Amino acid sequence: MSKWALVLTSVLSSLYLSNAYKILLVSPFPGKSHSILAEGVLNHLSRAGHEVTYVAAIVPDKPIKGVTVIDISDYVRMPTHLIDLKSIMDNTQRRDVLDILPSMMNLSRNVTNNVAVQTLLSDKTQQFDVVIAEWVFSDVYAGFSGVFNCPLIWFSPVEPHWMILQLVDEIPNPSYTVDILSGNVPPLTFSQRLMELAVQSIGKLIKMFYISGVHQEIYVKHFVPHIRNRGYPVPPFDELKYNASLVLSNSHVSMGIATRLPPNYIPIGGYHIDPVAKPLPKELQKIVDDAKYGFIYFSMGSNLRSKQFPTEVKQDLLNMFGELKQTVLWKFEEDLPNRPSNVHILKWAPQQSILAHEKCLLFITHGGLLSTTESIHFGVPTIGIPVFADQFVNVARSVKKGYAKKVDLSYTMAKDLKVAIQEMINDTRYMKKIKELSFIYHHRTVSPGQELVHWVEHVIKTGGARHLRTHAATTPWYQKVYLDLAIVLLIIIVAIKYLFGYMCFSNGKKVLANYKKKQN
Ligand SMILES: *[C@@H]1O[C@H](CO)[C@@H](O)[C@H](O)[C@H]1NC(C)=O
């Protein structure tokens with residue numbers, strides 16, 4: 001009997017295990033919003049019964065079932081000098097791509113060259129069915145799929161942009177698709193089109209002459225020895241980086257701009273949001289329930305510190321909020337003295353549950369993509385104060401879509417904010433617009449979480465989903481623009497011209513000969 005029980009359990013467990021895959025998730029960027037996104041991926045995969053090894057720049061607070069954490073938090077640092085509010089306001093800090101890229105290249109080095117990751121790579125007992133790697137300005141994590149000889153999925157934290165599309169398809173036309181650090185929204189004007197063209201061209205040059213070299217160096221130093229050690233053929237890095245099966249993208253057309261996407265680009269924006277909002281802490285619940293005129297929620301996100309606002313700006317903001325009849329919740333790291341009675345400071349804010357409350361009228365945000373997603377998910381109009389990275393383009397899009405206003409980060413922002421708040425609270429169009437978009441956002445065939453799990457499993461079950469790949473990525477540019485045809489045509493034209501010329505000439509000679517004969 002016990003023998004039969006054993007057989008039965010082993011049959012059952014093998015049935016169960018046959019659906020459990022081993023997945024490696026690499027989340028290199030040490031920003032809070034990036035770790036929220038990564039943990040969203042973990043939660044869905046773990047609930048589907050898979051085992052995930054998580055290379056984590058920020059370690060989860062609580063252990064997640066089926067998840068093994070490879071802690072790299074000691075090796076990676078947030079480039080905090082790039083996001084200091086005060087230095088940004090004082091204009092003492094440049095924040096364009098030329099500042100971001102070297103930081104990102106350093107990050108790539110540190111993520112791959114550390115004891116934790118090198119131990120994982122050299123451990124020959126480690127096998128994975130798929131690698132999911134977050135793409136933040138670095139292709140180098142494709143190396144993981146080389147070492148584990150398995151398919152690769154890119155995870156993109158932002159709206160579709162040319163740098164990631166070129167890895168799985170081709171560079172989109174800059175006359176109607178904008179760069180991730182741009183503040184433009186199509187349709188573009190003449191000068192905006194020029195700007196996007198320039199950004200793409202310069203970006204390509206930087207990639208060719210700087211980034212590729214760094215990636216190549218990291219690949220050869222920190223991945224290739226492990227590929228050799230496992231006895232796999234060593235592919236050229238370019239082959240690996242253009243070989244991804246899929247992009248899972250934290251985006252959705254309700255938040256972004258409709259873009260032509262290849263079949264292996266899957267938008268799953270909103271998957272990190274719990275379908276049912278958690279209850280608010282009691283004290284906070286009472287504050288918002290009692291808000292007779294509704295409430296406004298103000299948060300600069302998880303990376304920026306409101307603390308860094310200059311003192312006079314903080315005071316102006318407090319005074320201005322105090323003049324409103326609405327209740328204000330301000331996510332701030334420390335209590336503020338002389339706080340008006342309608343302003344409440346939250347050191348920690350359960351943002352999703354706050355936005356889910358029916359009395360939430362307005363969300364003042366830095367315009368990060370998670371906050372933008374959540375405002376659409378819960379249908380709350382926004383005032384955007386963009387500071388960094390994709391926040392400018394996110395806010396520009398929200399404004400263009402008609403549910404938001406933009407206020408510049410400046411010493412006079414309290415005054416500008418007040419004007420924007422008054423207008424948005426008194427005009428129902430903003431609320432109406434966000435409710436429309438919220439409907440579009442929710443009106444999908446399946447939830448984004450289900451979509452995520454489906455496509456990861458699809459890649460594994462089909463051995464890399466090669467059928468989803470377009471030939472755009474592998475067709476050489478000269479073939480795309482038919483340069484070869486142009487050359488063939490040119491040769492034909494030249495040949496015809498030559499032949500024709502020769503015939504005319506020999507004809508002419510004959511005529512001349514005849515003429516001469518007659519003369520004689
Ligand atoms: C490219 O991907 C496919 C499918 O995932 C895989 O079979 C192949 O080995 C990969 N090629 C390289 C060079 O890694």
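Heavy-atom basis, side chains included; hydrogens, waters and symmetry copies ignored. Predicted model only: the values in this text are computed from it and were never measured. Read the numbers this way: they start at 1 and go in the same order the structure lists the ligands and their atoms.
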Give a yes or no on this: more than 12 heavy atoms of other residues, nucleotides or ligands lie within 6.0 Å of atom OH of Tyr232. yes
Within a reach of under 6.0 Å around CG of Asp61, are more than 12 heavy atoms found that belong to other residues, nucleotides or ligands?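 It does not: Asp61 CG has 12 such atoms or fewer within range.
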Sequence neighbours excluded, every pair satisfying side chain to side chain donor-acceptor pair (under 3.5 Å) that has a member inside residues 451-462: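 Qualifying pairs: His50-Glu457, Glu451-Trp455, His458-His467.
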List in chain and number order the residues that pass salt bridge (Lys or Arg N to Asp or Glu O under 4.0 Å) with Asp238, two or more places apart in sequence or in another chain; answer none if no residue qualifies. Lys241
Tell me which residues fall inside the under-4.0 Å heavy-atom shell around ligand 1.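 If the criterion is a heavy atom under 4.0 Å, then ligand 1 touches Pro151, Pro235, Glu239, Leu240, Asn243, Gly463, Gly464, Arg466, Arg469.
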Hey, could you give me each pair passing salt bridge (charged side-chain N to carboxylate O under 4.0 Å, His left out) that has a residue in residues 143-158? Not counting sequence neighbours.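 Applying salt bridge (charged side-chain N to carboxylate O under 4.0 Å, His left out) to every pair that reaches into residues 143-158, excluding sequence neighbours, yields nothing.
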Where the side chain of His442 meets the backbone of His377, is there a donor-acceptor pair that is under 3.5 Å apart?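 Looks like yes, one N/O pair under 3.5 Å.
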